[in-house]
Amino acid sequence: MRRRLLTALVAGALLPAALVGCGIPDRTEVQVDGRGPAGEPGTLNGSGSQPPTRSATEDPKQFITEYLDAAAGEREQAYDRVKKFIAKEAQGRLPKKKQSSEVELTVVRLLESPEARLLTNEGNWEVTVRVQQVGVLRADGTLDKPTAPETEYEFKLRRADPGSQGLVITNLPNVLLLSVTALRQYYGTHTIYFWNSDQSQLVPDWRYLPNAVPVERRVTEVVRWLAGGPSEWLAPGVTRVPDGTAPINNATGSDQRWEVNLTMPVADDDRLAKFATQLAWSLPDLEGQLDLKIQNQKRRTIDLEQERAVHPLYPNLRVPERYCVYDGAIHPLAIGSEPVGTVPVDADANRNVVSAALSRAGDEVLAALVVTRSDQKQRLMVGTGPGPVTEFHSSAHVYRSIGRPIWLRSSDRQHPSGLVVADGTLYRFDGAAGMSPLAGMSRAVTAVAASLDGHRIALIMGGALYVAPVSVDGGETNVGTPRPLTTRLTKLTAVDWYADNQLVFAGNDGRQPAIYQTSVDGAVETPLIRDTSAPVSHLAAYPGGPSGPLPSFSYMYQATVAYRNNPVGTKIERSQVRDVADGAKQSDPSVPFFFY
């Protein structure tokens, strides 16, 4: 199934079905327990275009909740919408009005309902809002890391002036606030793409666009985003379009024909071909043709459907197979009608295995095994070649504990590389099991996971969640500065990529272990399993979407024993482990993973 179809299905069907089927009210953040995730929302995943104007409510808690919606939508009207909630004598407390391109919104997650306290019998109130800082929403649609330290905000309210109804704010924080609920309701999410360093792989970049923006302007916004460059955290891992690239006027057209006019200093045929592919994938809902002009001269006509077909995001992505470790060896799993593979590792090497990572690079298999020695210390074994892999290299050092290794799906087949955590340090490893520590990690790392494109990773560092860009240059793998993500969970233990811009991760939800999903910027967070009974020590997901009989958003995890999520919380049974020799030691399957 083509990747574009996955985007359309998730955007147009999965999210609305989940919201309607679960009976989720409009005014609460989406909560899913034991069902599918919210997925990767499409361009119009909100339920309304413009946020509501100030209502006549005299309920102070509802009033402040509505105030936290007011800055949503198009930036030109943000100040005007917010000012309607504020008494005239207090409007000077707002930040100084800026041009729309400079307006920044402080996005917060409400940790509980606002708390109201009546101050006088004349209807004066104090409202306290306890929050978690999520990030700063910029005019280019990026959500940058949080900058504000506040964990709560206080407001004072009074009755509106004679001739008006409801309440007004008389004292407020000097910041434009936006709740995560409003972000989810009044904005659509949009993925644009930048090329990696050698321009061989497109890398997703996650943006927000107000639902009120009409279709023709969405094309213009996407072109501006591409010209403006990637999100700040992602920039070290991708290539910008040539400096000086900028749209000339707005994009024009409708239905089957569009026109984009640009300035682009380096506009040779190769650069235009690369930009055409970026445009086609950054505008996944557009069909027909797009004329690309450089300073009013038509240089290229893009058949958008054909461009996506000829240049797929993830070429040669195969149907995934499930595996696990059983009695110290890798074994395939048989789940329903899913394909059952054969172990692509020679039997002589498939011994004393603690965890493993298998990946494909063309016709070759990449295998990384964590094995235990007789003294209980661990080492990394790496082998590559046509399956089954027979020749393995061993890491030069041994460690007390090595986490699950991951392969980076890079186009550089001559220099396969991966990442692994050993004794709290993040290492890169190569095809010969050479391990080099990576600098820039401020705290102990306990888990690492890689996106399908191979140029973004997720980290558990100091019990918290981070993402970071990855660049591969001349066989050398480099990781950029990690960007922290905020989440309700604490003491995180495991993470993996769930889709292009979605993570699945595990930690403590209050007093119980749980599994959550979050967007790549930490904003849109959804509980998947509220209580896993035991801490999750291992998580493995398939981020490629539906492929053959494998359900969308599939993941497996270990919480004492191994489980899968379809259906949620289904134990992986010994009877589902294949190729077990007679007389093998009876044990539970462990550390399940996908091979694709």
Side-chain angles (χ1 to χ4, degrees), residues 1 6 36 314-371 381 383-390 392 404-407 409 452 496-499 504 538-559 561-596:
M1 185 178 292
L6 165 64
Y314 307 108
N316 305 317
L317 186 62
R318 302 191 190 183
V319 175
E321 300 161 354
R322 300 186 195 243
Y323 288 80
C324 72
V325 173
Y326 183 88
D327 189 26
I330 302 169
H331 287 269
L333 286 169
I335 306 292
S337 61
E338 296 177 19
V340 180
T342 58
V343 178
V345 172
D346 186 76
D348 288 340
N350 193 15
R351 299 176 180 177
N352 303 317
V353 177
V354 177
S355 65
L358 302 175
S359 186
R360 289 190 173 100
D363 296 328
E364 290 202 336
V365 173
L366 310 180
L369 315 179
V370 177
V371 299
M381 303 288 293
T384 63
V389 180
T390 58
F392 279 81
R404 177 173 68 103
I406 60 166
W407 286 100
R409 297 178 69 87
L452 192 60
D496 207 351
W497 290 80
Y498 200 34
V504 58
H538 168 87
L539 252 176
Y542 174 63
S547 184
L550 189 74
S552 301
F553 306 105
S554 292
Y555 65 92
M556 299 181 286
Y557 63 97
Q558 183 158 336
V561 296
Y563 297 89
R564 58 189 175 96
N565 75 313
N566 30 49
V568 169
T570 301
K571 182 182 176 183
I572 299 174
E573 303 290 347
R574 297 179 188 178
S575 60
Q576 294 171 314
V577 181
R578 290 292 178 261
D579 302 337
V580 178
D582 294 338
K585 179 182 176 183
Q586 290 292 307
S587 63
D588 286 317
S590 64
V591 291
F593 62 96
F594 296 94
F595 176 35
Y596 51 92

Pairwise distance [atom1]([X]) to [atom2]([Y]) - rounded to 0.5 angstrom:
X    : Y    : atom1 : atom2 : value
W497 : L539 : CH2   : CG    : 14.0 Å
R564 : C324 : CZ    : SG    : 13.0 Å
Y498 : L452 : OH    : CG    : 15.5 Å
N352 : L369 : CG    : CG    : 11.0 Å
E321 : L550 : CD    : CG    : 11.0 Å
L333 : M556 : CG    : CE    : 6.5 Å

* CA sep, side-chain torsions, deciding dist, call: D496, Y557, side chain to side chain contact (heavy atoms under 4.5 Å, CB included) -> CA-CA 10 Å; D496 207 351; Y557 63 97; over 6 Å; no
* Within the distance-only criterion (no hydrogens, no angle test), does the side chain of N350 pair as donor or acceptor with the backbone N or O of A329 below 3.5 angstrom? -> no
State, to 0.1 Å, how close [X] and [Y] come at their nearest heavy-atom pair, and which atoms those are.
X    : Y    : result
W407 : A357 : NE1-O, 3.3 Å
P339 : V319 : CG-CG1, 3.6 Å
F593 : I330 : CZ-CG2, 4.0 Å
P589 : A562 : O-CB, 3.5 Å
R404 : S355 : CA-OG, 3.7 Å

Please output the side-chain donor-acceptor pairs of residues 580-588 that fall under 3.5 Å, not counting sequence neighbours, one pair per line with the distance.
from	atom 1	to	atom 2	distance (Å)
Q586	OE1	R574	NH1	3.4
S587	OG	D327	N	3.4
D588	OD1	R574	NE	3.3

Determine whether [X] and [Y] make a side-chain contact, defined as any pair of heavy atoms from C-beta on separated by less than 4.5 Å.
X    : Y    : answer
P405 : V370 : yes
F553 : V504 : no
P344 : V389 : no
P332 : T342 : no

* To do: Start with the C-alpha distance between Q576 and I335, add both sets of side-chain angles, then the distance that settles side chain to side chain contact (heavy atoms under 4.5 Å, CB included), and finish with yes or no.
  => CA-CA 7 Å; Q576 294 171 314; I335 306 292; 3.7 Å; yes
* Classify the ring geometry between Y323 and F595 as parallel (under 30°), tilted (30 to 60°) or perpendicular (over 60°). => perpendicular
* Asked: For L317 and R409, what are the C-alpha separation, side-chain angles and deciding distance, and is it a side chain to side chain contact (heavy atoms under 4.5 Å, CB included)?
  -> CA-CA 11 Å; L317 186 62; R409 297 178 69 87; 3.8 Å; yes
* Which salt bridge (charged side-chain N to carboxylate O under 4.0 Å, His left out) pairs, counting each pair once, include a residue from residues 330-354, with sequence neighbours left out? -> R322-E338, D348-R351
* With sequence neighbours excluded, tell me which residues meet ring pair (Phe, Tyr, Trp, His ring centres under 6.0 Å) with Y596. => Y542
